[in-house]
There are 2 protein chains.
Amino acid sequence: MKFRTKTRYGMRAIVEIAKADRKKGILQKDISKNQGISIKYLDQIVHALKEAGLIENVKGKKSGYRITRNASDITVHQIHLAFEPEIAVIDCLSKDVECRLEDVCHTISFWTGLNQVIINYFNEVTLQDLMEGRNLHSQ
Amino acid sequence: MKFRTKTRYGMRAIVEIAKADRKKGILQKDISKNQGISIKYLDQIVHALKEAGLIENVKGKKSGYRITRNASDITVHQIHLAFEPEIAVIDCLSKDVECRLEDVCHTISFWTGLNQVIINYFNEVTLQDLMEGRNLHSQ
DNA sequence: ATATATCCGACTGTTTTAGTAGGATATAAT
DNA sequence: ATTATATCCTACTAAAACAGTCGGATATAT
């Protein structure tokens, strides 16, 4: 039960972008350098963040990524959705899967509960929290 | 971010065992039939549960698995440990990995928090809850 | 024109996963 | 004792997922 590298790197990348000068933004190149992630791999990651509408830039020579809204208005859940279609800790919980084992499988509501706990946490934490390194598990 | 089939099946198997007659127990064969899991695959799963000390049986012709203590004294966390060495949503959180990116990675406390949220949930839910199909995510 | 930087799809080696196979061992029944 | 049953336990394999690279197209500033 691990998160994929893309998701992890994606989080680091958007924090880097959020910390950049709001006007100039930051280049892939510099995110790559600062975070120690190959520029080609980062390419895909940044692209996903852009497709999700979380960051913006101009194309061409004088680019530079910026977040599209305040860091406090971007949740980790939204960032996560840039890299995964949904949160579903087991396939049965996926939108497009139907569970046909209700009678014999007594674990579904446990998994549903776990899924919800994760979603709640993801909705609670914002990009602003990440930037500030706020401690979140003390609750 | 999915749980492995072994863990899922393992949970279903131990619920089946917990529901069995406390004296006679239940055979692999019957768990297999009831849960629709191949007997050979189940073999490994039941074995893991036994190694973890959660179930017991006698070997040989007249076997039958039983849980070793009350269902209310077995947490999902303990069951999970039968199939995974630890709960660590990213490698950095693993016992035997040291994170060397504190300076550049601003996401570690987020992941630590998530990990803790999951561990707390796993500690809260017992085998008894699973057996009763108790609804747990309403909190 | 040219240099820079993003865009975007295809590809590949590695690792993980799910599940099978086969035989060893222990016990109950005959 | 022998046989049937059931677990124990290791090894193996096909398929899927993953991490990361590569190449080239496109857009823009100078």
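Just so we're clear, the structure is a prediction, and the values are computed from it rather than from any experiment. The sequence lines fix the lettering, A, B, ..., with proteins before strands; numbering per chain opens at 1.
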Value in whole Å for how far the P atom of D:dA16 lies from CG of A:Asp91 = 13 Å
Could you list, one pair per line, each protein nitrogen or oxygen that sits under 3.5 Å from a nitrogen or oxygen of nucleotides 20-25 of chain D, together with the distance?
residue: D:dT21; atom: OP2; partner: A:Ser38; partner atom: OG; Å: 2.7
residue: D:dT21; atom: O4; partner: A:Gln44; partner atom: NE2; Å: 2.4
residue: D:dG23; atom: N7; partner: A:Lys40; partner atom: NZ; Å: 3.4
residue: D:dG23; atom: O6; partner: A:Lys40; partner atom: NZ; Å: 2.3
residue: D:dG24; atom: O6; partner: A:Lys40; partner atom: NZ; Å: 3.2

Under-4.0 Å salt bridge between A:Glu86 and A:Lys95 | yes
Under 4.0 Å between a side-chain N or O of A:Asn57 and OP1 or OP2 of C:dC7?
-> yes
Expressed in angstrom and rounded to an integer, what is the separation of B:Leu42 atom CG from D:dC9 atom P?
-> 16 Å
Should B:Ile67 and B:Leu54 count as side-chain neighbours, where that means a heavy-atom distance under 4.5 Å?
-> no
Taking the six-membered ring for Trp, are B:Tyr121 and A:Phe110 parallel (under 30°), tilted (30 to 60°) or perpendicular (over 60°)?
-> parallel
Quick note, A:Arg4 side chain, CB onward, closest among D:dA6, D:dA19, C:dC7 is D:dA19
Nearest-Å distance, NZ (A:Lys2) to P (D:dC18)?
-> 14 Å
Hey, is the side chain of B:His47 poking within less than 4.0 Å of OP1 or OP2 on D:dC8, counting only N and O atoms?
-> no
For atom NZ of A:Lys2, decide whether the heavy atoms of other residues, nucleotides or ligands shown that lie under 6.0 angstrom number more than 12.
-> yes
Under a 4.0 Å N-O cut-off, is there an ion pair linking A:Glu84 with A:Lys6?
-> no
Side chain of A:Arg12, backbone of A:Gln35: donor and acceptor closer than 3.5 Å?
-> yes
Quick one: label B:Phe3 by what it contacts on the DNA or RNA (base, sugar-phosphate, nothing), any heavy atom closer than 4.0 Å.
-> nothing
Hey, which of these two, B:Arg8 or A:Lys29, hits DNA chain C nearer its 5' end, going by closest nucleotide?
-> A:Lys29
